[in-house]
Amino acid sequence: EHVCLGGLVAHPTDTVYGFGGLATAAGVAALRRLKRRPEKRSAVVLLPSPDAVPDLVWTDDARELASVFWPGALTLVLADPSGSFPPGVRSATGGVAVRVTSHPVTRMLVERLGVPLTSTSANAPDAPSATTGEDALAVARAAGAGEEVWVLDAGRLSPSAPSTVVDCTGAAPVVLRAGATPVHRLRCVLPGIHGER
């Protein structure tokens, strides 16, 4: 109910703690205020399932990657030609970064919500991301947050690289950021994937 009423939540992900809220204009504005996030940066969207975003363009390659690596630390950027997501989720080039998390606490939250939840790392600008609920709460408090941010504390998360990000908006998928899901594993599924090694 807290999230549905516009509140934010600090939640564990596959890699670090994140801050999130509804993937609406108001939810994005609240997240930007908390993070003091520049307009050009877009939040990732955590999905209850791939079917939750039918308006996004699912290429065959994107569907294949999702079927093999989700839930998990792989973020796919999909085209949003109908503008179904607001700026701050939808990038200036029309892409939306989506993922199904494997963390059981946040996955249950997203499934119960039944709608996408934004997610951006719980950290101050240029500082390391929170790996505990206490750290995430401290970051929120330091940013001036009060009751509008709740913390789902799932204990300490193991150190991890950020999620791997693959842009699936073009004719061929491109690795934008190598991370927790190794690129060589992606190449086992899609040998022709472009980008970082």
Side-chain angles (χ1 to χ4, degrees), residues 3-4 8-24 27-28 31 41-80 82 84-86 88-91 94-122 129-131 133 136 152-155 157-158 160-169 173-190 193 195:
V3 173
C4 293
L8 299 176
V9 62
H11 56 84
T13 72
D14 308 272
T15 54
V16 294
Y17 275 77
F19 291 129
L22 292 181
T24 61
V28 170
L31 195 58
R41 304 259 332 257
S42 298
V44 170
V45 176
L46 301 180
L47 307 176
S49 71
D51 300 332
V53 286
D55 291 339
L56 298 185
V57 177
W58 283 91
T59 63
D60 290 343
D61 289 336
R63 285 196 186 282
E64 185 69 17
L65 289 171
S67 72
V68 174
F69 296 104
W70 283 0
L74 176 65
T75 299
L76 302 177
V77 180
L78 306 178
D80 181 21
S82 62
S84 58
F85 284 93
V89 173
R90 185 177 188 266
S91 72
V96 175
V98 296
R99 183 167 78 240
V100 173
T101 183
S102 64
H103 196 285
V105 171
T106 301
R107 190 162 182 205
M108 184 173 13
L109 170 65
V110 176
E111 287 173 353
R112 284 191 179 174
L113 286 172
V115 295
L117 180 76
T118 59
S119 184
T120 181
S121 58
S129 297
T131 56
L152 292 177
D153 193 339
L157 301 178
S158 300
S160 172
S163 69
T164 299
V165 180
V166 178
D167 185 344
C168 295
T169 61
V174 177
V175 177
L176 300 180
R177 178 180 74 195
T181 300
V183 175
H184 70 83
R185 288 190 58 214
L186 301 180
R187 288 205 167 97
C188 290
V189 177
L190 298 177
I193 198 166

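The figures here come from the full heavy-atom set of this structure, side chains too, leaving out hydrogens, waters and symmetry mates. By convention here, the first residue in the shown sequence is residue 1.
Here the straight-line distance linking atom OG1 of Thr169 with atom CG of Leu76 works out to 11.0 Å at 0.5 Å rounding. The CG atom of Asp167 lies 8.5 Å from the OG atom of Ser91; values are rounded to the nearest 0.5 Å. Rounding to the nearest 0.5 Å gives a distance of 10.0 Å between CG of Leu190 and CG of Asp60. If you take CG on Leu152 and OG1 on Thr106, they are separated by 6.0 Å, rounding to the nearest 0.5 Å. The line from OG of Ser129 to CZ of Phe19 is 9.5 Å long, rounded to the nearest 0.5 Å. Atom-to-atom distance recorded for Ile193:CD1 and Leu65:CG is 5.5 Å, nearest 0.5 angstrom.
Contact annotation: the side chain of Phe85 never approaches that of Val28 to less than 4.5 Å [non-hydrogen atoms, C-beta and beyond]. Under the 4.5 Å side-chain criterion, counting only non-hydrogen atoms from C-beta, Val100 is in contact with Arg107. For the pair Val3/Leu117, a side-chain contact is recorded, criterion being any heavy-atom separation below 4.5 Å from C-beta on. Thr101 has its side chain within reach of Asp14: a pair of non-hydrogen atoms, C-beta onward, lies under 4.5 Å apart.
The shortest non-hydrogen separation linking Val89 to Ser42 is O-CB, 3.8 Å. Shown here for Pro116 and Val45, the closest heavy-atom pair between the two residues is CB-CG1, 3.1 Å. Closest non-hydrogen pair, Leu47 versus Val110, comes out as C-CG1, 3.4 Å. Leu74 and Val166 get closest at one heavy-atom pair: CD1-CG2, 3.8 Å. The two residues Leu157 and Val16 make their nearest non-hydrogen contact at CD1-C, 3.4 Å. Across all non-hydrogen atoms, the minimal contact from Tyr17 to Ala136 is CB-CB, 4.2 Å.
Ser84 and Arg90 share no side-chain donor-acceptor pair at under 3.5 Å. Checking Asp51 against Ser49 by side-chain atom types alone, no donor-acceptor pair falls below 3.5 Å.
Listed for the Thr181 side chain is a donor-acceptor partner under 3.5 Å among the backbone atoms of Ala73.
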